[in-house]
Amino acid sequence: MIRLCAVASYFAHVYRSGGCDRGDLLDRAGAHTTLSSLLADVPHETVEDITAQLRLAEPREALGWLVGREVECGAVFAGSAHVGGADADLVCAGELIDCKAVAPSRLGTRELYQLAGYLLLDFDDHHRIRFVSLYLSRQGAMPGRHVNEFLPLVGATASLWELRTALQDFFVPPAEHVAVGPDPAWAVPCPKCRAQAENGCVTPRGIPARATHAPRLNAVRRRLPMPHPSR
């Protein structure tokens with residue numbers, strides 16, 4: 001199964017980028033290549049790397065909390081078509097999760113703006129996103145923020161409703177707008193704790209939003225202006 005996942009990732013790269021990288025598994029494929037031969041060619045270190053990431057994802061504080069919940073993979077938004085079909089990795093219980101397998105030192109504002117873009121493209125509030133997070137698959141960590149805290153971090157001074165309306169105005173005339181979701185008062189209960197979704201409330205994973213940071217995530221914390229809950 002791990003080898004199948006590895007091969008699928010190469011095809012996903014072709015789908016998203018329009019081609020394969022020089023020298024990779026598919027670049028070396030020919031007319032007589034079969035699925036069996038592709039699976040056999042997956043490097044052993046790749047299998048070990050994926051296995052390690054799967055183990056890190058199992059605990060509840062990583063992705064284990066998703067088990068038994070309805071999870072939407074490759075979530076699309078009302079405005080996705082305007083930006084080439086943007087889709088988010090995961091949406092579950094009001095939490096938007098973007099998965100990153102790179103070193104924390106390579107993360108920064110670009111990744112935060114990507115989360116903000118997904119959030120704004122949900123013009124009609126279909127996904128009811130209340131939290132945004134980055135899942136760091138090689139650390140098994142998921143730093144995240146409530147939307148009310150996240151937007152100011154990326155420089156926003158207007159409300160989510162105003163930002164979504166402005167973005168939709170940029171793409172289409174007002175007469176062609178989809179219904180923009182109401183300006184959320186964020187009084188909607190959190191799925192887990194049923195309390196007000198405000199600062200200090202718990203996330204959908206049931207973890208206090210301002211929990212103590214785990215020491216091993218210090219390097220991530222320095223790069224991302226987001227809390228790192230210890231779970």
Side-chain angles (χ1 to χ4, degrees), residues 1-18 20 24-26 35 38-39 42 46-47 49-102 106-107 110-147 150 164 178 181 188 190-192 197 203-207 224 226 229 231:
M1 179 61 70
I2 289 176
R3 289 179 178 274
L4 282 171
C5 290
V7 171
S9 72
Y10 287 104
F11 282 101
H13 178 68
V14 171
Y15 173 76
R16 293 185 178 276
S17 68
C20 52
D24 74 12
L25 199 67
L26 297 183
L35 177 58
L38 285 175
L39 295 176
V42 174
T46 298
V47 175
D49 181 40
I50 296 175
T51 300
Q53 291 182 65
L54 286 173
R55 288 175 180 153
L56 286 171
E58 291 176 356
R60 178 179 175 80
E61 59 267 24
L63 295 181
W65 70 279
L66 299 175
V67 176
R69 293 177 177 266
E70 184 176 345
V71 181
E72 185 169 358
C73 302
V76 296
F77 310 99
S80 290
H82 298 299
V83 291
D87 61 304
D89 289 335
L90 304 169
V91 174
C92 179
E95 183 161 359
L96 168 66
I97 305 168
D98 195 46
C99 302
K100 300 296 181 185
V102 300
R106 297 178 58 186
L107 297 173
R110 178 178 178 178
E111 286 70 30
L112 299 184
Y113 289 146
Q114 183 180 12
L115 284 174
Y118 293 146
L119 181 62
L120 267 58
L121 288 170
D122 192 22
F123 295 150
D124 54 359
D125 201 35
H126 173 73
H127 295 285
R128 298 184 62 78
I129 298 165
R130 301 297 180 259
F131 296 86
V132 293
S133 302
L134 290 174
Y135 175 65
L136 311 179
S137 65
R138 287 192 167 87
Q139 290 74 39
M142 188 149 59
R145 286 258 183 165
H146 187 278
V147 169
F150 172 74
R164 283 174 171 169
V178 299
V188 178
C190 286
K192 180 67 177 180
T203 71
R205 287 159 284 165
I207 308 300
L224 297 176
M226 308 170 76
R231 303 177 175 87

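When every heavy atom of Asp24 is checked against every heavy atom of Leu26, the shortest pair comes out as OD1-N, 3.1 Å. The two residues Ser80 and Ala86 come nearest to each other via the heavy atoms OG-O, 2.7 Å. Shown here for Ser133 and Gly144, the closest heavy-atom pair between the two residues is OG-CA, 3.5 Å. Considering every non-hydrogen atom in both Ile50 and Ala6, the closest pair reads CD1-CB, 3.9 Å. Nearest heavy atoms, Ala93 versus Arg69: CB-NH1, 3.6 Å. Minimum heavy-atom separation, Phe77 to Ala88: CZ-CB, 3.7 Å.
Side-chain contact check for Val42 versus Leu4: every heavy-atom pair is 4.5 Å or farther apart. At a threshold of 4.5 Å between non-hydrogen side-chain atoms, the residues Val7 and Phe11 count as touching. Counting only heavy atoms from C-beta outward, the side chains of Phe150 and Leu112 approach each other to under 4.5 Å. Residues Leu119 and Arg164 form a side-chain contact, since some pair of their non-hydrogen atoms from C-beta on lies under 4.5 Å apart.
Atom CE of residue Met142 and atom CG of residue Leu90 lie 8.5 Å apart, to the nearest 0.5 angstrom. Taking CD of Gln53 as the start and CD of Glu58 as the end, the distance is 12.5 Å to the nearest 0.5 Å. Considering CD1 of Ile129 and SG of Cys92, their distance stands at 12.0 Å, rounded to 0.5 Å. Distance check, rounded to the nearest 0.5 Å: CG of Leu121 to CG of Asp87 gives 11.0 Å. The structure places CG of Leu39 at 10.5 Å from CE of Met1, a figure rounded to the nearest 0.5 Å. Atoms CG and CZ, on Leu66 and Arg60 in that order, are 9.5 Å from each other to the nearest 0.5 Å.
Taking the salt bridge (Lys or Arg N to Asp or Glu O under 4.0 Å) definition, one finds that Asp49 meets it with Arg138, sequence neighbours left out. Partners of Ala57 by side-chain contact (heavy atoms from CB on, under 4.5 Å), not counting sequence neighbours, listed by chain and number: Leu63, Tyr135.
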Can His127 and Leu96 be said to form a side chain to side chain contact (heavy atoms under 4.5 Å, CB included), step by step?
-> CA-CA 9 Å; His127 295 285; Leu96 168 66; over 6 Å; no
Give the intermediate values and the outcome of side chain to side chain contact (heavy atoms under 4.5 Å, CB included) for residues Val132 and Asp98.
-> CA-CA 8 Å; Val132 293; Asp98 195 46; over 6 Å; no
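Between His82 and Phe123, the two ring planes are tilted [angle within 30° to 60°].
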